Amino acid sequence: MSGRAFKYRGDVVVVTGASAGVGRATARRFARAGAAVALIARDAASLKETAAEMEATGARALAVPIDVADPDAVFAAAEEVEERLGPIDVWVNNAMATVFAPVADATPEEFRRVTEVTYLGYVYGTMAALRKMRRRNRGTIVQVGSALAYRGIPLQAAYCGAKHAIRGFTDSLRCELLHEGSNIRLTMVQLPAVNTPQFDWARTHLDHEPRPVPPVIQPETAAAAIFRAARQHDREIWVGLSTVKVILGNIVAPGFLDRLLSRQAFEAQETQRLLPADRKDNLETPVRGLHRTRGSFGTEANAFAPVVSGETARMGAASLLLGLIAVGSWLATRRSAPR
């Protein structure tokens, strides 16, 4: 994309899952940069409120209330965005759903719904963006991922499976774009736990209220990383030291992480508060009144997290490992040398 597009003024940015959490914070960040923002989520009233928030900054905003699990609705949304705002420059796939439950306690219908939203919603959004961007041979697609795209954890198998699938899908598409010499950019942002309302409205089969596994960052911190990803040429961006450790640790010692998570990750995903009998969840329908940017864990959420290129992190870890091997070999040679 051109240097002009990197400044976003006058550009058109689509954000899915834009009525709350990371999506809402991301839409606000692009709006502040001068972009026209198209907001996609299910709840029309919350989207209207979010659009008003964007317009208060002087940005143009368009609310498109659809379910990203409906491919026809997603393709129609892309048409509406281009008709009313102009050509799409950036498409951010962010909408998600999850279920907190052991696999044995979850239902096939719950797995289906999480997969349709969290994985297929990204596929449909990407396809809709490509239909528009390929005509102009320019544009950027940002996939909002997670450290859980590399390392599954207990109690969230449906969500982890979807995030793994997004990474595989994105890698395949990237190869296809390279093969055809496309100028369309594709990047993925791997996040740690984020303080969003998802823990207040996600479906759960646990006895206590769910919570993010610490350390936790604020949605605005995630939004800043997504904003950076759309401007730069990184293949992947990893946000937070915990993300770096989880991804690299899973490459080096997956079996160790299996055992560690089996001991620690169950309690780490539950608060001490018992689940209310009347608690509502957003798996099938939106939950009114909880559409906000931040969740319930602000007192422990960090406003800063290091952001590194995935390639840089891998190369740094490989260099460190080779250095340690070289030092070990040198020490072994010194010990075995005749005196």
Side-chain angles (χ1 to χ4, degrees), residues 6 8 13-35 37 39 41 50 53-54 57 59 90-96 98 118 140 142-151 153 156 159 163 166-167 187-202 210-248 268-269 290-313:
F6 290 155
Y8 298 118
V13 178
V14 178
V15 181
T16 71
S19 62
V22 171
R24 191 164 183 162
T26 299
R28 185 187 300 130
R29 183 66 184 85
F30 279 103
R32 288 207 317 267
V37 184
L39 311 164
T50 307
E53 182 182 318
M54 304 301 111
T57 69
V90 179
W91 187 293
V92 180
N93 284 310
N94 167 75
M96 55 77 65
T98 190
T118 310
T140 299
V142 182
Q143 317 285 39
V144 179
S146 167
L148 305 186
Y150 283 86
R151 173 67 239 186
I153 63 174
Q156 288 201 71
Y159 179 80
K163 288 298 184 182
I166 293 165
R167 186 163 62 90
T187 186
M188 194 165 183
V189 181
Q190 312 296 10
L191 298 178
V194 186
N195 175 36
T196 71
Q198 69 160 302
F199 303 96
D200 299 312
W201 63 24
R211 58 151 296 133
V213 178
V216 184
I217 66 170
Q218 294 287 21
E220 294 83 1
T221 307
I226 294 165
F227 184 83
R228 165 182 163 172
R231 288 183 297 150
Q232 299 183 356
H233 290 269
D234 296 297
R235 182 180 185 275
E236 271 192 3
I237 283 181
W238 298 353
V239 183
L241 183 59
S242 62
T243 298
V244 176
K245 291 194 294 185
V246 165
I247 295 175
L248 295 180
Q269 294 184 80
L290 288 178
H291 287 81
R292 57 183 186 267
T293 303
R294 295 186 175 186
S296 304
F297 300 90
T299 56
E300 63 180 273
N302 298 312
F304 170 78
V307 178
V308 299
S309 161
E311 294 298 303
T312 300

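Just so it is clear, the values below take in all heavy atoms, side chains as well, and ignore hydrogens, waters and symmetry mates. Because the structure is a prediction, the values reported are computed rather than measured.
With sequence neighbours left out, Ala149 forms a side chain to side chain contact (heavy atoms under 4.5 Å, CB included) with Lys163, Arg167, Met188, Gln190. Evaluation of the side-chain hydrogen bond (donor to acceptor under 3.5 Å, both in side chains) rule for Thr187 yields no partner, not counting sequence neighbours. The side-chain hydrogen bond (donor to acceptor under 3.5 Å, both in side chains) search around Asn94 returns none, not counting sequence neighbours. For Arg29, there are no salt bridge (charged side-chain N to carboxylate O under 4.0 Å, His left out) partners, not counting sequence neighbours. With sequence neighbours excluded, the residues satisfying side-chain hydrogen bond (donor to acceptor under 3.5 Å, both in side chains) with Ser296 are Asp200. Partners of Gln156 by side-chain hydrogen bond (donor to acceptor under 3.5 Å, both in side chains), not counting sequence neighbours, listed by chain and number: Thr98, Gln269. In terms of the side chain to side chain contact (heavy atoms under 4.5 Å, CB included) criterion, residue partners of Ala31 (sequence neighbours excluded) are, by chain and number, Val37, Met54, Thr57, Ala59.
Counting all heavy atoms, side chain and backbone alike, Pro215 lies closest to Ala193 at O-CB, 3.8 Å. Residues Arg24 and Ser19 approach most closely at NH1-O, 3.1 Å, considering heavy atoms. What you find for Thr50 and Ala18 is that their closest heavy atoms are CG2-O, 3.5 Å. The two residues Pro306 and Leu241 have their closest heavy-atom pair at CG-N, 3.8 Å. Here the closest heavy-atom approach between residue Gly17 and residue Ala95 is recorded as N-CB, 3.7 Å.
Within the model, atoms CD1 of Ile153 and OG of Ser146 stand 8.0 Å from one another, a figure rounded to the nearest 0.5 Å. Taking OG1 of Thr118 as the start and CG of Asn93 as the end, the distance is 11.5 Å to the nearest 0.5 Å. In this structure, OH on Tyr150 lies 3.0 Å from CD on Glu236, to the nearest 0.5 angstrom. Distance check: Ile166 CD1 to Met96 CE gives 9.5 Å after rounding to the nearest 0.5 Å. Between the CZ atom of Phe297 and the OG1 atom of Thr196 there is a distance of 9.5 Å, given to the nearest 0.5 Å. Within the model, atoms CD1 of Ile237 and CG of Leu191 stand 10.0 Å from one another, a figure rounded to the nearest 0.5 Å.
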Run the side-chain donor-acceptor check on residues 219-229: report pairs under 3.5 Å with partners two or more places apart or on a different chain.
residue : atom : partner : partner atom : Å
Glu220  : OE1  : Arg294  : NE           : 3.2
Glu220  : OE1  : Arg294  : NH2          : 3.3
Glu220  : OE2  : Arg294  : NE           : 3.4
Thr221  : OG1  : Ala303  : O            : 2.9
Arg228  : NE   : Gln232  : OE1          : 3.1
Arg228  : NH1  : Val307  : O            : 3.4

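Between Leu248 and Trp238, the closest side-chain pair of non-hydrogen atoms falls below 4.5 Å. Between Pro192 and Val239 there is a side-chain heavy-atom pair separated by less than 4.5 Å.
Residue pairs meeting the salt bridge (charged side-chain N to carboxylate O under 4.0 Å, His left out) criterion with at least one partner in residues 296-310, sequence neighbours excluded, are Arg211-Glu300.
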